[in-house]
Q: 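Here it is, the structure, as structure tokens.
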Amino acid sequence: MKIVLLAGGLGTRISEESVFKPKPMIEIGGMPLIWHIMKEYAYYGYNEFIICAGYKQYAIKEWFSDYYLNNSDVTFDYRSGDRIVEVNEKHIEPWKVTIVDTGLNTMTGGRIKRIQKYVGDEPFFMTYGDGVCDVDMNKLLEFHKGHGKTATLTAVMQEQQKGVLNIGGNNAVKSFREKNVVDQAPINAGYMVLNPEIFDYIAGDDTVFEREPLERLASEGQLMSYLHRGFWQCMDNMREKVTLEEMIAKKSAPWIKWDY
């Protein structure tokens, strides 16, 4: 089963680093964020990836092109006057990775539409390239197959970040209190499972996947949510990047189920 990763956006909210590379290629713990996401899926046995690239797409291609060399023990022998390369030991993942330039300004739905020929006529995983989680991918897939609808998204509970205002009809603040557990609201965390019919819901490059396609699916009763109460964290800014890095440094990163 293939995994589609959206990695083409500009990442303007973390421009300190995204000015040099796509946001999914920003490193945490010495490896790109997208590598961590791919490791999550690979832990459950899913190893075929399609990356929807756009902004600075060459950086993604170059990284994966060099991945084999940079993660192997290599001998370069020039004694004969030629270059002889011997790979002594490899430390790479058994992955198949297809990187598709889906355009610089293409919207999320358009990027998915552009990789249709690589997915084929079968269900697939799809997620964003800017967040990590500890979702059990097998349970997510089992849930999707069980309800028989076109699409499943993973929902997580997001706490309000600020105090809560009760505002009356005349714009007067009636009361104020600090946030608490009842203020949590479910949000779309990505980590979706989509049937191939999803492509019929996407008109073209200008389609924002989170708007027309998901709204139509919801109105037709074809969109289900898989509520995940475990760990999920996006990386929209430097503060969130530092938080993820600290988790890795302390070996307490919930999404890392493989050896550090």
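Hydrogens, waters and symmetry mates play no part in the numbers below; they use all other heavy atoms, side chains included.
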Q: Are Leu5 and Phe64 co-members of a hydrophobic cluster defined by side-chain heavy atoms under 4.5 Å apart?
A: yes
Q: Run the side chain to side chain contact (heavy atoms under 4.5 Å, CB included) check on Thr127 and Val4 step by step: do they pass?
A: CA-CA 7 Å; Thr127 195; Val4 173; over 6 Å; no
Q: What do the steps show when you test Asn105 against Tyr55 for side chain to side chain contact (heavy atoms under 4.5 Å, CB included), and what is the final call?
A: CA-CA 8 Å; Asn105 298 310; Tyr55 171 69; over 6 Å; no
Q: Quick one: pull up CG in Leu217 and CD in Glu197 and give me the separation to the nearest 0.5 Å.
A: 10.0 Å
Q: Is it the case that atom CG in Asp66 sees more than 12 heavy atoms from other parts of the structure closer than 6.0 Å?
A: yes
Q: Distance from Asn237 atom CG to Lys241 atom NZ, nearest 0.5 Å?
A: 11.5 Å
Q: Going by heavy atoms in the side chains, are Ile34 and Met38 under 4.5 Å from each other?
A: yes
Q: With rounding to the nearest 0.5 Å, note down the distance linking OH in Tyr191 to OG1 in Thr154.
A: 8.5 Å
Q: Are the side chain of Glu40 and the backbone of Cys133 linked by a donor-acceptor contact shorter than 3.5 Å?
A: yes
Q: Could you check if a side-chain atom of Trp255 sits within less than 4.5 angstrom of a side-chain atom of Gln233, using non-hydrogen atoms only?
A: no
Q: When you check the gap from the basic side-chain N to the acidic O, do Lys2 and Glu122 get nearer than 4.0 Å?
A: yes
Q: Taking atom CZ of Phe124 and atom CE of Met126, what is their separation to the nearest 0.5 Å?
A: 7.0 Å
Q: Main chain of Ile28, side chain of His36: is a donor-acceptor contact present, judged purely on distance under 3.5 Å?
A: yes
Q: Counting heavy atoms not belonging to Phe20, are there more than 12 under 6.0 Å from its CZ?
A: no
Q: Please evaluate residues Asn138 and Tyr46 with respect to the criterion side chain to side chain donor-acceptor pair (under 3.5 Å), reporting the C-alpha separation (whole Å), side-chain torsions for both, the decisive distance (0.1 Å), and the verdict.
A: CA-CA 10 Å; Asn138 288 333; Tyr46 305 106; 2.6 Å; yes
Q: Taking all atoms of both residues into account, what is the closest heavy-atom pair of Ala151 and Leu194, and its distance?
A: CB-CD2, 3.6 Å
Q: With a 4.5 Å cut-off on side-chain heavy-atom distances among I, L, V, M, F, W and Y, is there a chain of contacts connecting Tyr128 to Leu223?
A: yes
Q: Any idea which heavy atoms bring Ala53 and Ile60 closest together, and the distance?
A: CB-CD1, 3.9 Å
Q: Using the rule given for side chain to side chain contact (heavy atoms under 4.5 Å, CB included), can you reason through Met235 versus Ile26, listing the C-alpha separation, both sets of side-chain angles and the distance that settles it, and then say yes or no?
A: CA-CA 10 Å; Met235 191 184 73; Ile26 296 173; 3.9 Å; yes
Q: Can you give me the closest heavy-atom contact between Pro196 and Pro123, atom names plus distance?
A: CD-N, 3.7 Å
Q: Is there a side chain to side chain contact (heavy atoms under 4.5 Å, CB included) between Met192 and Asn188? Walk through the geometry before answering.
A: CA-CA 9 Å; Met192 303 182 189; Asn188 172 18; 3.4 Å; yes
Q: Measure from NZ or CZ of Arg216 to the centre of the six-membered ring of Tyr201 and say whether it is under 6.0 Å with the direction within 45° of the ring axis.
A: yes
Q: Under 6.0 Å from the NZ atom of Lys145, do we count more than 12 heavy atoms belonging to anything else shown?
A: no
Q: Measuring from Leu33:CG to Lys23:NZ, what's the distance to the nearest 0.5 Å?
A: 8.5 Å
Q: Are any side-chain N or O atoms of Ser72 and backbone N or O atoms of Leu69, one a donor and one an acceptor, separated by less than 3.5 Å?
A: no
Q: One thing to verify: whether Lys61 and Asp101 come together as a salt bridge, which I'm taking to mean a side-chain N less than 4.0 angstrom from a carboxylate O.
A: no
Q: Testing Arg111, Gln57, Lys113 for side-chain contact (heavy atoms from CB on, under 4.5 Å) with Thr102, which one passes?
A: Arg111
Q: Starting at OH of Tyr41, measure out to CD of Glu48 and round the result to the nearest 0.5 Å.
A: 14.0 Å
Q: Show your reasoning for whether side chain to side chain donor-acceptor pair (under 3.5 Å) applies to His228 and Asp136.
A: CA-CA 9 Å; His228 175 60; Asp136 186 320; over 6 Å; no
Q: Are any of the side-chain heavy atoms of Val119 and Phe199 separated by less than 4.5 Å?
A: yes
Q: Under 3.5 Å, sequence neighbours excluded: what are the donor-acceptor pairs made by side chains of residues 86-100?
A:
from, atom 1, to, atom 2, distance (Å)
Asn88, ND2, Thr75, OG1, 2.8
Glu93, OE2, Lys39, NZ, 3.3

Q: I want to check something: taking the side chain as every heavy atom from C-beta on, are Arg114 and Thr106 in contact at a cut-off of under 4.5 Å?
A: yes
Q: With a cut-off of 6.0 Å (strictly less than), are more than 12 heavy atoms of other residues, nucleotides or ligands near CG of Asn71?
A: yes
Q: Please state whether the rings of Phe76 and Tyr78 are parallel, tilted or perpendicular, taking 30° and 60° as the class boundaries.
A: parallel
Q: Out of curiosity, does Ile37 fall in the hydrophobic cluster containing Met25 (side-chain heavy atoms, cut-off under 4.5 Å, transitive links)?
A: yes
Q: If every non-hydrogen atom of Met238 is compared with every non-hydrogen atom of Glu17, which pair is closest and at what distance?
A: CE-OE2, 4.0 Å
Q: What heavy-atom pair brings Lys56 and Val19 nearest, and what distance separates the two atoms?
A: CE-O, 3.1 Å
Q: Can you give me the closest heavy-atom contact between Leu227 and Met157, atom names plus distance?
A: CD1-SD, 4.0 Å
Q: Parallel, tilted or perpendicular: which describes the rings of Trp35 and Trp258, with under 30° parallel and over 60° perpendicular?
A: perpendicular
Q: Once the angle between the rings of Tyr67 and Trp63 is folded into 0 to 90°, is it parallel (under 30°), tilted (30 to 60°) or perpendicular (over 60°)?
A: parallel
